[in-house]
Amino acid sequence: MDLSFVILVEVLYAVASLVLISAGLAVVFGMMKVINLAHGEFMMMGGYATITAANLGINVFVAMLVIAPLVVGLIGLVVERLVIRHLYGRLVDTMLATWGLSLMFIGLATMIFGNTTTGISTPITGFTVGDYQINGYNFFIIVVSVVLVLCMLAVLKGTRAGLIARGTMQRSDMAAALGYSPDRIYMATFFCGSALSGLAGAVLAPLVGLVPTSGGAYIAKAFITVIAGGPSLIAGLVSSATSFGLVSQIFTFTISPVIGEVVLLVAAVIVLRLMPQGITGRFFRGKL
Amino acid sequence: MSLNRREFLGRSAALTTASLLPYAAYAADTIKLGSVLDTSGIFDAYGKPMDQAMRLALKQINDTGGLLDRQVELMAYDTQSDMALYSQYAQQLTRQDQVDVVHGGILSASREAIRQTMRKSNTLYFYNVQYEGGVCDRNIFVTGVTPAQQVAVLVPYAMKKSGPKVHILAADYNYGQITARWIKKFVEDNGGEVVGTDFFPLDVSDFGSTITKIQQTAPDLVVAPLVGGAHLSFFRQWAAAGMKDRIPLASTTMGVGNEHKVLTPEEGNGIMVAYNYSQELDTEANRVFKDKWQAEYGDTTAIHELAVSTYQGILLWAEGVRQAGSVEHDAVVEALETGISIDGPAGKVTLDPQTHHATLDVHIMEFEDQGMTVIETLQQIAPVDTQAVCNLQENPDDNQQYEIQI
């Protein structure tokens, strides 16, 4: 009984962290069609922003949930103005440009923070379930990603800004004809996407040892989740994160963590073979 | 003055040659020591202090009159944590610079990338790093600890403190695999039982499910030869789950690159390790060494196990040269094979003629407030793992790395 509860928490945690890792990319790549290879580095910078802020004596939750997304969002804003805005609609070119950005960010982080592992300890203590100890921070990550998904849903579906953003992504010429500036809307959306990446990096920072090259560990998973999710932003994100998280955790528990990772990749290949448009290309059609 | 291209090239060539001449004359009088270390890139946390330690040792040698009344000249190359550069600089050191000895290499992959080059060109090679053991080659000397030297002392101590059931978490490459086998052997030799073994690729940083699995096997002790920044997450997540006070941890790798200074005291305190060196080593030799380091670099926090191994490696080589009375390859190897020893910052280090590995003191330590407190010192532990497979006295032409089967 205790064990099944613990495993349930671990599965939810795996799904939640996939959602978190992929949310920023889902906006930037899924909505805006910018292949952001620097996504991992945005997360890495979110981590460093948190650690720096926490070391300056700021409450760690404020650092994670407010400062890191803002800092990374602003960095994203600068990047958008200087580089990305010239490349909208040029898929392959964005890949090259953001690859360069990713190398630059790694270099900058190395110059500023050094090439050594840093980190902060988790702010929430573990607790006991029967014979087992659970990392209390797992619950925090689950809560953050649930809130995140709900917020994204509310903003995109419930607010005028969300509607305009979605409309602009579909037909920017139409949005322009209706009097909205696609340039501004792209800028704002990229800011949000970067801020989400920063948030993910920040929230995951206390669980890992952070180095300037940490971003590389996330990028593959993020792209797999977003691509397998398909055209619907949120339904795709949640459905693919759930399937991959579930499958990888099942194999992690029954065999080993390595097999879990392998199975995640194999599952991605199978999903894309059977559903080339992604999960939401077949199911949940027309959902957001 | 007008100068056409041809004249310009001619003159510059002449100038370059001229400027090299005094250098060449000078170089003939010095002993040349080559170095290949990663002083930038992802392994620089290991490589930089090693480089500093090497320069410190050489400065000391040169300040006291050099070796055989000759100064030792350093030819150092930064391999930038790139394995391809190792082969390139190894060629340069052996062919172009024609050095008398090469010290360096950090990862086992880097050592294997240059070992054959050194052997073919008859250039003496020192590898000054803790590694998985088993290299058997008369041209190489290894001054770091091997798994058996650490595990043989760490496992009995940790088991005595906790209990007989052990869970092993290891990095998934030759170092981790081989070390895990040694841990299993010593656990069983001490009447214990391995209840679970898990291997992790170097980029795994999520250990949540592993921590649950460990609780299922309910061990008395977890031994974790994990490697690198991603694996550091394990120690953090272990503490976050509140497991640290329930099941004790021991590691054979944690701290070689001063990783314990990254963990907070709450996360690190109580983790058991076994190494040749600790900054907290309370000996006169260590105090003197740290004073010298302080005088040279101003800050001793960077000193780690591998730096001290490098320092001791240089001292051993220097002792070999002194005893041989020459830098000629075979003479130095023979002198080093007489069982010579030096007193380094971490105590007495003796080269074992049979394996070209080092016999040295191993300290059992526990992390305490980001330092390593010495609990117990075991004098002069021999590299028994490599001794079991390698005998260069009987078989001097051996040239391979044995995978030690247990």
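The sequence lines fix the lettering, A, B, ..., with proteins before strands; numbering per chain opens at 1.
For K184(B), the NZ atom is loosely surrounded, since the number of other residues' heavy atoms within 6.0 Å does not exceed 12.
Residue contact with chain B, scored on non-hydrogen atoms closer than 4.5 Å, involves the backbone of I255(A) exclusively. Heavy atoms closer than 4.5 Å to chain B are found in both the backbone and the side chain of Q133(A). With a threshold of 4.5 angstrom between heavy atoms, D206(B) approaches chain A through side-chain atoms but not through N, CA, C or O. Of the atoms belonging to N138(A), not a single heavy atom falls under 4.5 Å from chain B. Proximity to chain A (any heavy atom under 4.5 Å) is shown, for F234(B), by neither the backbone nor the side chain. The contact between T118(A) and chain B is made entirely by backbone atoms, counting heavy-atom distances below 4.5 Å. For E267(B), the part sitting under 4.5 Å from any heavy atom of chain A is the side chain, from C-beta outward, and nothing else.
Counting heavy-atom pairs closer than 4.5 Å to chain B, the top residue among I120(A), V11(A), V6(A), T128(A) is I120(A). Between chain B and the residues G119(A), G260(A), P123(A), S214(A), the most heavy-atom pairs under 4.5 angstrom are made by G119(A). Of all the listed residues (T264(B), L232(B), T212(B)), the one sharing the greatest number of non-hydrogen pairs under 4.5 Å with chain A is T212(B). Residue with the most contacts toward chain B among Y137(A), F127(A), Y13(A): Y13(A) (heavy-atom pairs, distance under 4.5 Å). Options S209(B), A218(B), A45(B), G257(B) differ in how many heavy-atom pairs under 4.5 Å they form with chain A, and the most are formed by S209(B). If you tally non-hydrogen atom pairs under 4.5 Å between each of F200(B), F43(B), W238(B) and chain A, the highest count goes to F200(B). Here K213(B) is the residue among K48(B), K213(B), E259(B) with the most heavy-atom pairs under 4.5 Å with chain A. If you tally non-hydrogen atom pairs under 4.5 Å between each of T213(A), L207(A), L3(A), V211(A) and chain B, the highest count goes to L207(A).
The two residues A53(B) and Y311(B) have their closest heavy-atom pair at O-CD1, 3.6 Å. Here the closest non-hydrogen pair linking I58(A) and A63(A) is CG2-N, 4.3 Å. P164(B) approaches V187(B) most closely through the heavy-atom pair O-CG1, 4.3 Å.
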Passes side-chain hydrogen bond (donor to acceptor under 3.5 Å, both in side chains), D198(B) versus H167(B)? Steps please. CA-CA 8 Å; D198(B) 287 301; H167(B) 196 117; 3.1 Å; yes

Report the C-alpha separation of Y131(B) and Y175(B) in whole Å, then their side-chain angles, then the decisive distance to 0.1 Å, and conclude whether the ring pair (Phe, Tyr, Trp, His ring centres under 6.0 Å) test is met. CA-CA 7 Å; Y131(B) 86 115; Y175(B) 174 78; 8.7 Å; no

For Q150(B) and Q130(B), what are the C-alpha separation, side-chain angles and deciding distance, and is it a side-chain contact (heavy atoms from CB on, under 4.5 Å)? CA-CA 10 Å; Q150(B) 293 178 283; Q130(B) 171 217 32; 2.9 Å; yes

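The closest side-chain heavy-atom distance from L204(A) to Y218(A) is below 4.5 Å.
Ring geometry for H304(B) against Y46(B) counts as perpendicular: the plane angle is over 60°, on a 0 to 90° scale with 30° as the lower cut.
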